[in-house]
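The next block holds one structure in the form of structure tokens; read it before the comments.
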Amino acid sequence: MSRLLVEGGLVVTMDAERREIADCDILLSDGVIEAVGPGLGATPAAEGAERLNAKGCVVTPGLVNTHHHLFQTMTRAVAQDDLLFGWLQKLYPVWARMRPEHMESAATIGLAELALSGCTLSADHLYLYPDGVRLEDTIAAARAVGIRFHPTRGAMSIGESAGGLPPDALVERETAILADCIRVVDAFHDPAPGAMLRIGIAPCSPFSVSRELMRDAALLARDKGVMLHTHLAENAEDVAYSLETFGCRPGDYAEALGWTGPDVWHAHCVMLDAAEIDLFARSRTGVAHCPCSNCRLGSGIAPVRALRDAGVPLGLGVDGSASNDSGHLLSEARQALLLQRVARGADALSAREALEMATLGGARVLGRPDLGAIAPGLRADLAVWDVSGLGAAGAWDPVAALVLCGPFTVRDLLVEGRAVVREGQLAGLELGAAVERQNRLMRGLMA
Ligand SMILES: [Zn+2]
């Protein structure tokens, strides 16, 4: 039995009372949180446990990233000044040249970046499969980095010749898409509590697949007991496309095709109106809020305050690295706070609410009641933040400082009780070599 005592930190539990406990110990046993409280270190329960000193640190649940396109880490700082549709049209031809090694490298870099910013669980949305690419390419990267992973089998099926946005070379036949969804779910999905790997089904967006594929994907996901994910109501162009093509708003389209419910989460939702927010609240449909990406693409400001007040499950996403172009999840919490305040004033979103979205909120969106808080019985996913350095020097409130100051690199990151980051360094990956390889592959794509 492996046991670890995380000693003496200021623990942000995200439990039902949102307790923050000073000088608090956390006892972990075989990947599960066994006990939380001050003075545990002196009790018989902690005898023989390995110890991790967290004095002077803030300890939070591991952060949860609810939306990403890891492959885009290969194309950062490209198409710098375009709105969503123009941006996509510039990037599609580059993405069409990617091969399995590009996917694997980009996912490794993206997940490493997330881990160092406190992330213990990330979703991913891989929606293009050129030249032999498979979902496995990203799964291999997650195993190398060591974080939990919820990759989704994305897809595009309507190419330019059929009135869609992507080039025909990047779209797949819908029967082949559904067959590969079944293959990856059967091969990799783990429904058990504590799972390190869960698969979702995720047609890219209403403007790149057919109505039939949306409907069939929902039926398949329910048959298999896996989650559904897509992009929805991302910006004004996206809503206009829905009205023009489907004759309804994005929320109505989603509802009609089975795309609402606690097993569904949608990225962005910048343009949801009051009726759609009510629909999402009633149906417990989740939202991945991606503030940096929304800023980068000028998409607008998502109604986060209204979504929270309505009780919509709400998490944060860094989104793909071609539209962020960073993958720092704790900084995304900061950006969420700042963006709501631009729209609604300084009391629109608190630092603790932003931190909740980054942890507990994300875990709920991804259907993980076993994650997102520090409480006995939950899985041992913890982020230990050293707030004694430059970034928080002079901060009166170390918990709020995580969001208001920084940016911070996590000091220690535990996933299922195992060290993924130790003293600010990735435990299982030689980062220099990974970066060198990534840049070599990127230069090949530029040629
Ligand atoms: Zn996205």
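Side-chain atoms are counted along with the backbone in the values below, which use heavy atoms only and exclude waters and symmetry mates. Start at 1 and go down the list; that is how both ligands and their atoms are numbered. All residue numbers refer to positions in the sequence shown, counting from 1.
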Within less than 2.8 Å of the Zn ion (ligand 1), any N, O or S from H67?
yes

Indicate if the distance from the Zn ion (ligand 1) to the nearest N, O or S atom of C290 falls below 2.8 Å.
no

Opening angle at the Zn ion (ligand 1) [NE2, H69; NE2, H231; to 10 degrees]:
90°

2.8 Å cut-off met by an N, O or S atom of D319 to the Zn ion (ligand 1):
yes

Side chains of T60 and W385: any donor to acceptor distance under 3.5 Å?
yes

So that I know where these two stand, are H229 and H125 an aromatic pair - ring centroids less than 6.0 Å apart?
yes

Is the distance between the ring centroids of H266 and F280 less than 6.0 Å?
yes

Indicate every side-chain donor-acceptor pair of residues 164-171 with a distance under 3.5 Å to a residue at least two apart or in another chain.
unit_1: D168; atom_1: OD1; unit_2: E160; atom_2: N; d: 2.9
unit_1: D168; atom_1: OD1; unit_2: S161; atom_2: N; d: 3.2
unit_1: D168; atom_1: OD1; unit_2: S161; atom_2: OG; d: 3.4
unit_1: D168; atom_1: OD2; unit_2: S161; atom_2: OG; d: 2.8

